[in-house]
Amino acid sequence: MRARITPLGTLLALVAGLLTALVTTTPAQAAPLFKAPFACGQKWTYSHHSAEVRQALDFVRSDGGGTAGAPVLASASGTAYRYSQPSGAGNYVVIEHGGGWKTYYFHLNAYSVAHGAAVSQGQQIGTTGSTGNSSGAHIHYEQLYNGVGQPVTINGASLAPYPGSYGSRHLTSDNGCSGGGGKYWVDTFANAVGYAQANTGDAQGVLNAGTNYVYCKVWGQEIRDASGNYNHWWLRTDLDTVYAGKNGRGAYVSAYYLSRWGNDEARDNNGTVIPNC
């Protein structure tokens, strides 16, 4: 029996077909594990209206706290870019997460990051407002893949189908709740103001003097007294008193207020070094 030889043109057509199949079946880049764009422990209600063609959601607080001025957090790490569109989105931030994924945060009252800054998940990027074409303070939030709006997914679970009005669906955030894998008990010698970040730019409330738990530490603004005592470490914790419209969960208190150890030390009452966030 003579061997059957496939013509070259047929072989080329088969190869081209195989390559086309491979391209069309390549899966989309996996999305980051997005978290809610607002602070740990807060509960917000959300809605969608048909004019939002990119499958956006609008969020307002539903736990009794104020919406206006509330911190807006990065729902995943990436690079943040600041923009302004007075006739539409107002002040807004776009975070590029890599792999074609972006998130959008519209109508901000103020920015909390520089243009082009690297941000981590849970980092404050702005405050909630009503700038641009907006009838009231809220977070307009979008998730896009290669420029196309996707159903908003938080912690791997889709929030679709969307409600058409506020009040029927709610979401409680775990964004930025804990970075250290547990609680570390420390004694503080005085009431300490807690801030949104490791600096004194945005006071959230007060941690009372006494025995308190903290989650982890970050390096930030130096706190120094007239006697020369100082500390650059800040401890993430939950505050006892929360200022109106602010968030007391996952705030930062200077390790300067620890009752023991020394300059630039951040240890718990047993001497264990508190882990980095």
Is the side chain of [X] donor-acceptor paired with the backbone N or O of [Y] at a distance under 3.5 Å, no angle test?
X	Y	value
Asn212	Gly210	yes
His170	Lys43	no
Gln204	Asn247	yes
Tyr162	Gln55	yes
Asn155	Leu33	no
Asp268	Tyr184	no
Asn133	Gly88	no
Ser227	Asn229	no
Asn175	Ala36	yes
Thr79	Ala117	no

Quiz item: Which word best sums up how the rings of Trp44 and Phe59 line up, parallel for under 30°, tilted for 30 to 60°, or perpendicular for over 60°?
Solution: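 Because their plane-to-plane angle is over 60°, the rings of Trp44 and Phe59 count as perpendicular.
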Exercise. Can you label the angle between the Trp219 ring and the His232 ring as parallel, tilted or perpendicular, going by 30° and 60°?
Key: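 Ring orientation of Trp219 relative to His232: parallel.
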Are [X] and [Y] grouped together when hydrophobic residues (ILVMFWY) are joined by side-chain heavy atoms under 4.5 angstrom apart?
X	Y	result
Phe189	Trp234	yes
Ile125	Trp101	yes
Tyr252	Val186	no
Ile223	Ile274	no
Val94	Leu57	no

Practice problem: Would you please indicate yes or no on a ring centroid separation below 6.0 angstrom for Tyr92 and His140? | Solution: no
Is any side-chain heavy atom of [Y] closer than 4.5 Å to one of [X]?
X	Y	result
Leu171	Leu159	yes
Gln124	Asp202	yes
Leu73	Phe38	no
Val60	Thr67	yes
Asn146	Lys102	no
Tyr257	Leu235	no
Tyr166	His138	yes
Asp264	Tyr230	yes

How far apart are the closest heavy atoms of [X] and [Y], and which atoms are they?
X	Y	result
Ala255	Ala266	CB-CB, 4.4 Å
Pro151	Ala160	CB-CB, 4.3 Å
Asp187	Arg260	OD2-NH2, 2.8 Å
Lys246	Gln42	O-NE2, 4.4 Å
Val193	Ala203	CG1-CB, 3.9 Å
Ala192	Val253	CB-CG1, 3.4 Å

Quiz prompt | Trace of the side chain to side chain contact (heavy atoms under 4.5 Å, CB included) decision for Thr172 with Asp174 | solution = CA-CA 7 Å; Thr172 298; Asp174 68 345; over 6 Å; no
Gap between atom [atom2] of [Y] and atom [atom1] of [X] - 0.5 Å precision:
X	Y	atom1	atom2	answer
Thr188	Asn191	OG1	CG	7.5 Å
Ser254	Lys217	OG	NZ	13.5 Å
Leu207	Leu239	CG	CG	6.0 Å
Ser158	Gln143	OG	CD	9.0 Å
Asn269	Thr211	CG	OG1	6.0 Å
Phe34	Thr103	CZ	OG1	6.0 Å

Are [X] and [Y] close enough that a side-chain donor and a side-chain acceptor fall under 3.5 Å?
X	Y	result
Gln121	Ser77	no
Thr131	His107	no
Asp58	Ser47	no
Tyr256	Asn263	no
Ser75	Tyr105	yes

Quiz item: Which residues pass the side chain to side chain contact (heavy atoms under 4.5 Å, CB included) test with Arg54, sequence neighbours left out?
Solution: Tyr104, Phe106, Glu142, Leu144
Practice problem: Start with the C-alpha gap between Tyr243 and Val206, add the side-chain angles, then the distance that decides, and say whether side chain to side chain contact (heavy atoms under 4.5 Å, CB included) holds. | Solution: CA-CA 8 Å; Tyr243 298 149; Val206 176; 3.5 Å; yes
Quiz prompt | Residue pair Arg169, Tyr46: steps toward the side chain to side chain contact (heavy atoms under 4.5 Å, CB included) verdict | solution = CA-CA 6 Å; Arg169 300 276 294 278; Tyr46 54 91; 3.1 Å; yes
Quiz item: Checking side chain to side chain contact (heavy atoms under 4.5 Å, CB included) for the pair Leu108/Val72: CA distance, chi angles, key distance, verdict?
Solution: CA-CA 8 Å; Leu108 301 177; Val72 179; 3.8 Å; yes
Quiz item: Under the 6.0 Å and 45° cation-pi test, does Arg236 pair with Tyr215?
Solution: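 No, Arg236 and Tyr215 do not form such a contact.
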